[in-house]
Amino acid sequence: MASDPAEFRAWVRRNHPDAGGDPRAFAEGLARWDRGAAAPGTRGITVYRRPRTPVAAAAEALRRARRRRERRRRLR
């Protein structure tokens with residue numbers, strides 16, 4: 001599995017189940033990537049679910065704003 005993000009995106013485009021790839025092999029490849037990306041100095045894969053209702057979207061926007069404020073405070 002590639003460690004470069006561009007190579008990873010190319011691998012996803014080639015092997016994604018929506019593009020005709022094998023779902024089981026794709027899931028195994030994602031697991032390998034996530035284990036390899038967990039090394040110090042790299043980031044893993046984070047999946048966010050899109051809110052389905054306006055109330056959920058507003059709640060998510062408030063959570064994001066709170067996370068940004070917390071992050072900013074720690075960096076000062």
Side-chain angles (χ1 to χ4, degrees):
M1 183 82 349
S3 61
D4 178 34
E7 291 178 30
F8 174 72
R9 285 190 299 275
W11 177 84
V12 168
R13 281 192 296 274
R14 285 191 310 272
N15 296 297
H16 196 277
D18 290 346
D22 179 30
R24 186 172 294 149
F26 185 73
E28 291 169 0
L30 283 179
R32 279 195 310 271
W33 167 262
D34 207 21
R35 281 193 305 271
T42 60
R43 295 188 331 210
I45 298 170
T46 305
V47 178
Y48 292 99
R49 201 174 107 199
R50 187 175 55 170
R52 294 182 181 213
T53 65
V55 173
E60 180 59 30
L62 289 172
R63 276 192 229 86
R64 278 195 311 263
R66 187 179 317 129
R67 280 194 300 262
R68 279 195 303 266
R69 281 193 308 270
E70 289 170 359
R71 204 172 27 235
R72 205 174 2 193
R73 239 183 272 137
R74 282 183 277 154
L75 294 176
R76 286 183 184 170

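Heavy atoms only: backbone and side chains are in, while hydrogens, waters and symmetry mates are out.
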### Message
Checking Arg63 now: which residues fulfil side chain to side chain contact (heavy atoms under 4.5 Å, CB included) with it, not counting sequence neighbours?
### Response
Ala59, Glu60, Arg66, Arg67
### Summary
Sorted by chain and number, sequence neighbours left out, side chain to side chain contact (heavy atoms under 4.5 Å, CB included) with Ala56 holds for Pro51, Thr53
### Query
Just how far is it from atom CD of Glu28 to atom CG of Asn15, taken to the nearest 0.5 Å?
11.5 Å
### Message
Could you report the tightest heavy-atom contact between Leu30 and Trp11, atom names first, then the distance?
### Response
N-CH2, 3.9 Å
